[in-house]
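Okay, so here's the structure we're looking at.
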Amino acid sequence: MNAVTARIAQGVTSIAAADWEACSGTANPFVGHAFLSALEASKSVGGRSGWQALPVVVDGPDGKPAGIAPAYAKSHSQGEYVFDQGWADAWERAGGQYYPKLQIAAPFSPVPGPRLLLRDREQAPALIAALEAVTDQSGLSSAHATFIDPDEVALFEAAGWLIRQGTQFHWQNDGYASFDDFLAVLASRKRKAIRKERAAAVEGLTIRHLIGAEITPEHWDAFWVFYQDTGSRKWGQPYLTRGFFDQIGKTMGDRVLLILAEREGVPIAGALNLIGDDTLYGRYWGATEEVPFLHFELCYYQAIDAAIARGLKTVEAGAQGEHKLARGYAPVATYSAHYIPDPSFRRAIADYLVREREAVAEQQEYLGELTPFRRGEQQQPG
């Protein structure tokens, strides 16, 4: 391997967008320069958020980034969706200091995707080694790359990182021309239940899909109310600031799909999605009215409609949620990688992960039998 230089950048915004995207590509917007820099510009990360952006960069012989890891110094475990609070408690009861730790992630986004952003794929080992060096030299307890692309599992394993598995529920587009085509492959009882849910959800409402310049500041104001309500109930306080939504509207509007439910022209609920090259990513939802089944309609069924219309192959509707099964979303495996420098702590976590992996495998097998597809036509787990 040629000699490389590794460094810590002072935030995503300190790296030119063209250099970043030469490494990240454009397929997954959550690791793109526009999304991550919007988090910084809007102060959703930085300051007292507990997320300090410290991208780790490996420069190539030409002096430009050949590999980047979107890394953050974390003073807590919030907004990650891969739960390690039990590890933190165990380490601190043993006399250690778990925080700060190094997190390689798309903040607040349980979205699988690349965490080793590589212009030159041969630099993957060097980038992982740089992450280890930052952890060791800074005296951090650990480093965690969460929701890594399945193709990266072998790279982290080869470096000795521990691999953790989880489960999400994704919808797969099997070449459907319409929502009715999708319904046709479901068992009759499930098909009727979905039609009934959709009719009840939209009664008296107008559903609008807005993208890019169609989304006005007034629409963002309405969605901000929805987001605050959901965020305060789920997390205690919203992770994102109001300015974040304005920022992504300006810098990546063509990747933003806002689905609103309106009653007599007034938005009462909304779901925010980002559009990838082949995937629609559902992220945030909220409502000011309690309407039966409206959450399922906006977040799951309207997302399927949008994916079919755009020829996208997958809908990822966020973390957890076994209720997605009945709506045609199938269980898929997710992965994270963990670097634990202390040998005894590493052994304890490795033992725990063996047991957890067995339980996750059993759960995925069970969940796979509960999908609503007719026998012989159900979607294959990812």
Side-chain ion pair, [X] and [Y], N-O less than 4.0 Å:
{"X": "D351", "Y": "R347", "result": "no"}
{"X": "R208", "Y": "E214", "result": "no"}
{"X": "R115", "Y": "E152", "result": "no"}

May I ask whether [X] and [Y] are part of the same hydrophobic cluster, defined by side-chain heavy atoms of I, L, V, M, F, W, Y residues being less than 4.5 angstrom apart, directly or through others?
{"X": "L325", "Y": "I304", "result": "yes"}
{"X": "L186", "Y": "L370", "result": "yes"}
{"X": "W87", "Y": "I148", "result": "no"}
{"X": "L131", "Y": "L162", "result": "no"}
{"X": "F293", "Y": "F182", "result": "yes"}

Is there side-chain contact between [X] and [Y], with at least one heavy-atom pair below 4.5 Å?
{"X": "H219", "Y": "L260", "answer": "yes"}
{"X": "R310", "Y": "L257", "answer": "yes"}
{"X": "I275", "Y": "P29", "answer": "no"}
{"X": "R119", "Y": "K64", "answer": "yes"}
{"X": "H144", "Y": "V82", "answer": "no"}
{"X": "Q363", "Y": "E322", "answer": "yes"}

Within the distance-only criterion (no hydrogens, no angle test), does the side chain of [X] pair as donor or acceptor with the backbone N or O of [Y] below 3.5 angstrom?
{"X": "H33", "Y": "I15", "value": "yes"}
{"X": "T135", "Y": "A133", "value": "no"}
{"X": "R283", "Y": "F108", "value": "yes"}
{"X": "Q97", "Y": "Y99", "value": "yes"}
{"X": "S42", "Y": "G243", "value": "no"}
{"X": "N173", "Y": "Y176", "value": "yes"}
{"X": "N28", "Y": "P112", "value": "yes"}
{"X": "R346", "Y": "I340", "value": "no"}
{"X": "Y339", "Y": "L102", "value": "no"}
{"X": "E297", "Y": "A261", "value": "no"}

Looking at [X] versus [Y], is the centre-to-centre ring distance below 6.0 Å?
{"X": "Y335", "Y": "F156", "result": "no"}
{"X": "F345", "Y": "W91", "result": "yes"}
{"X": "W51", "Y": "Y72", "result": "yes"}
{"X": "H323", "Y": "Y300", "result": "yes"}

Find the distance between [atom1] ([X]) and [atom2] ([Y]) and round it off to the nearest 0.5 Å.
{"X": "L272", "Y": "I248", "atom1": "CG", "atom2": "CD1", "result": "5.0 Å"}
{"X": "E356", "Y": "R164", "atom1": "CD", "atom2": "CZ", "result": "4.0 Å"}
{"X": "N273", "Y": "C299", "atom1": "CG", "atom2": "SG", "result": "7.5 Å"}
{"X": "K190", "Y": "E197", "atom1": "NZ", "atom2": "CD", "result": "9.5 Å"}

Assess the side chains of [X] and [Y]: does a donor N or O sit below 3.5 Å from an acceptor N or O?
{"X": "T167", "Y": "Q364", "value": "yes"}
{"X": "E40", "Y": "T13", "value": "yes"}
{"X": "W161", "Y": "E132", "value": "yes"}

Decide if atom CD of E203 counts as having more than 12 heavy atoms of other residues, nucleotides or ligands within a radius under 6.0 Å.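 Open.
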Tell me whether the count of non-hydrogen atoms from other residues, nucleotides or ligands lying under 6.0 Å of CD in E365 goes above 12.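 No, CD of E365 has 12 or fewer neighbouring heavy atoms, counting only those of other groups under 6.0 Å.
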Show the numbers, then the answer: is there a side chain to side chain donor-acceptor pair (under 3.5 Å) between S49 and Y239? CA-CA 8 Å; S49 69; Y239 293 138; over 6 Å; no
Between F223 and W220, what is the ring plane arrangement, given parallel below 30°, perpendicular above 60°, and tilted in between?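 Judged by the thresholds at 30° and 60°, the geometry between F223 and W220 is perpendicular.
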Can K101 and L140 be said to form a side-chain contact (heavy atoms from CB on, under 4.5 Å), step by step? CA-CA 5 Å; K101 61 178 181 174; L140 304 181; 5.7 Å; no
